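Bear in mind the structure is a predicted one, so any value in this text is a computation, not a measurement.
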Amino acid sequence: MAVLLATHSFGADKAVLPSGSQGEVTLDWHQFNEMWTKMQQMEKKIEDLQKPENLPPVPFTITKAAYKGIVGEKKTDMTAVFELDVYDPKEWVKIPFLPSSVAITEAQLNGQPVGVLQEGGFHQILLKKPGRYVLRTRFAMRSPKPEEVPQLTFNIQSTPMTMLALEFSRPNLDVQIEPSQGIDIISTGEKRTLVTAALPPTSYVTVRWQKALPEEAAGPAKVYLDAQNLITVSEGTLKAHWNLDYSILRRGVRELKVLMPADWNILSVVCDGLQEWKTIDSPKGPVLLVQLAYARKGNVAVGIQIERALSDKDEVIDLPQIKAFDIEREQGTVGVEAKGVVELAVQNAEGLQAIDPRELPGALWQSATQPILFAFRYTKPHALELSVKRHPETPVLTTTVDDANAVTVLTERGQLITKIRYQVRNQLKQYLAVRLPQGTELWSAFVAGEPVKPMKAEDGTFRIPLAKSQLENQGQSGFPVELITYRPITKFWPIGYKALTLPMPDAPVSRMLWSVYLPEKYRFPYFGGDVEKGDMAQSWSALQGQARIDSSEMASSNGANLRDREGLKEDLRKLTTHMGAAKSMAASAEADELVEKQAALAGSLFEANAPLPTATGVFPVAFELPTSGQLFHFGQIMVVGQDPQLTMYYLHGRIIQGLVFLILLGMGYYLLKVEWLEGIRGRIKLAVQSN
């Protein structure tokens, strides 16, 4: 089988065909099928390349960059060569190669001139066809003047492989290139210095140069040492932290040796350019060998930390000393700090000059975590001995209550319901223990707004699980612990006496405010106990019933009528002032905050018609009571180890009304009696006169 392909000529008057051809090509089936298969494979490759998952992740890369320059007296001529790979087959690609601050004098792409675009702070070229390209550019920079620092700094494009070669018109130069991974310096005769360096990926290069010192004039290295030592004495350990500041002149060194004290453990050794450190034995003791990755000159800082254990007995300790080898001169400072319950005293300070701790170097101050007790300076061999005494620790407070706000509702039928909110700051305490009066039930407990499960201990106290205070900029933050208790007591009689106790936790309470709702029908001529009384709780005000509260106004959420609410706030302000909580502006603001808390708590609604069913092992639910009746305020400061007591005498309001009626009746009787007697006297007088 053969396939005939006809060929036609277009755009010509006469087709030019091979001799003997009639414009047809004859292929057998095998040849046609092979050509057709190759065409389909090519189309498939083109389709695959156009799929998003097959497109390269970046449109281009700059694989290599090489910079070659000649540093002259007035200008520096640079030539940069970039190897570019373009991957995007469809779009134009903008390739930035040098910052726009560089003055370009020439640009060639694959040996041909190319246009340069300036955009986004870079010189850029435009490419569309995928492939590998070589971009060569030339640019110039101003060389430093003779009176200026011999230094060049210029920006480059960050590439994975970067080489830099510079030629100086002066011989015997010491050249430094930053950053670099190795420099080769070659002096050619008496006219030039050639420098080559491999650069890591970076966006800038700094080149410094100076005349190299003759090798024979350099001589051996001279090393000077300034040592700063911080000694930390605690109950079980003795630590020393050295900052060794070396000054290395003439020639670089790669090893530093330090004689260490025996029986001490080296915790760490840090130094810039450190290759490794190790200890070696010597007749004088262990020697710390610090090996550097390359020869160092100038300032070299080495940090060393060591420690050893201390016995439990009081003792005199020799503070550690170190001795650096191969140094010209050593001077230093020593600071001593103490941690824990240890007392230090200087027994011997030979070769040391006592100084004020404020004269110690700043780096030593930053390393200290406790006040520095002793400070010394030395310039020669020295010895320091300290006596250490340990004292038993004294228990300190781990939990405090900033304020306790309580509201008690006492109904005429003898239902006593109390809501207490403690503002607690806790560091270590697991539970807050509260002892409730006999016959009192704990209905609910909340910590930081979350319900908790209280426990009852064998001694009868209730234990409330505590959270831990969080550290803030202003110190430890507090959290609320809220309890609701219920206790049935005897109902109100026409005349009687009652005593109430407010339970306090096993932590000192800075301030306590207690609002008590009492039945409206009764009058309370006297309040006693160990609490401070508000104005409304004074005898004359209590007899007049001035503490009566309209519950509908107190429950108003929209704030339309705040007469009673503002009244109770004013009563609270006077009470806190009387307690001495507002002697300054800061204390006044704090007292106002306490008043707002107590007013909000006293104005909240409760519901207490009958005791609610309780259960163990479950989280409690929030419980609220309707506030109504007469509201009295009481307070106390610094409540420690005792529960505030409140006593009261009461009588029914009708008794007051009856007494008032009897008084009025007596006064009327008296007036009538006086008038009757006056009438009798007048008649007797008239009778006498008529006779």
Provide the closest heavy-atom pair for [X] versus [Y] in the form atom of the first, atom of the second, distance.
| X | Y | result |
| --- | --- | --- |
| P488 | G439 | CD-O, 4.0 Å |
| A383 | Q321 | CA-NE2, 3.4 Å |
| K419 | E482 | CE-OE2, 3.1 Å |

Worksheet entry | Trace of the side-chain contact (heavy atoms from CB on, under 4.5 Å) decision for L500 with L502 | CA-CA 7 Å; L500 305 180; L502 184 64; over 6 Å; no
Do other residues, nucleotides or ligands put more than 12 heavy atoms under 6.0 Å from the [atom1] atom of [X]?
| X | atom1 | answer |
| --- | --- | --- |
| R435 | CZ | yes |
| E359 | CD | yes |
| D272 | CG | no |
| K239 | NZ | no |

To the nearest 0.5 Å, what is the distance between [atom1] on [X] and [atom2] on [Y]?
| X | Y | atom1 | atom2 | answer |
| --- | --- | --- | --- | --- |
| M260 | I322 | CE | CD1 | 6.0 Å |
| M512 | E532 | CE | CD | 9.5 Å |
| E520 | L631 | CD | CG | 12.0 Å |
| N265 | T237 | CG | OG1 | 11.0 Å |
| L384 | L352 | CG | CG | 5.5 Å |
| H241 | I231 | NE2 | CD1 | 11.0 Å |

Tell me every residue that passes ring-ring contact (aromatic ring centres under 6.0 Å, His included) with [X], counting only those two or more places apart in sequence or in another chain.
| X | result |
| --- | --- |
| H652 | Y522 |
| Y526 | none |
| F527 | F524, F632, F634 |

Worksheet item: Where the side chain of Y650 meets the backbone of W493, is there a donor-acceptor pair that is under 3.5 Å apart?
Response: yes
Discussion item. Show, in sequence, the C-alpha distance, side-chain angles and deciding distance for L364 and I372, and conclude whether the side-chain contact (heavy atoms from CB on, under 4.5 Å) test is met.
Written reply: CA-CA 10 Å; L364 195 150; I372 295 180; 3.7 Å; yes
Discussion item. Within the 3.5 Å criterion, strictly below it, is a donor on D402 or S510 matched to an acceptor on the partner's side chain?
Written reply: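 No, because no side-chain N or O of D402 sits under 3.5 Å from a partner of the opposite role on S510.
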Practice prompt. Could you point out which residue of L267, N243, L244 forms a side chain to side chain contact (heavy atoms under 4.5 Å, CB included) with I304?
Written response: L244
Worksheet entry | side-chain contact (heavy atoms from CB on, under 4.5 Å) between Q636 and D530, worked out | CA-CA 8 Å; Q636 198 174 82; D530 57 358; 3.5 Å; yes
Worksheet item: Within a strict 4.5 Å, meaning less than it, do heavy atoms of the T232 and Q370 side chains meet?
Response: no
Discussion item. Are F376 and V346 packed together at the side-chain level, in the sense that at least one heavy-atom pair is separated by less than 4.5 angstrom?
Written reply: yes
Worksheet entry | Pair D403-L513, side-chain contact (heavy atoms from CB on, under 4.5 Å): steps then yes or no | CA-CA 8 Å; D403 52 76; L513 286 178; over 6 Å; no
Worksheet item: Could you give all pairs that pass the salt bridge (charged side-chain N to carboxylate O under 4.0 Å, His left out) test and reach residues 338-356, with sequence neighbours left out?
Response: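 As it turns out, the salt bridge (charged side-chain N to carboxylate O under 4.0 Å, His left out) pairs with a partner in residues 338-356, which skip direct neighbours, are D356-R358.
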Worksheet item: Please, which pairs that meet salt bridge (charged side-chain N to carboxylate O under 4.0 Å, His left out) have at least one residue in residues 631-644, sequence neighbours excluded?
Response: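 Found none.
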Worksheet item: Tell me the side-chain hydrogen bond (donor to acceptor under 3.5 Å, both in side chains) pairs involving residues 498-507, sequence neighbours left out?
Response: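 Residue pairs passing side-chain hydrogen bond (donor to acceptor under 3.5 Å, both in side chains), neighbours aside: K429-D506, T490-K498, T501-Q645.
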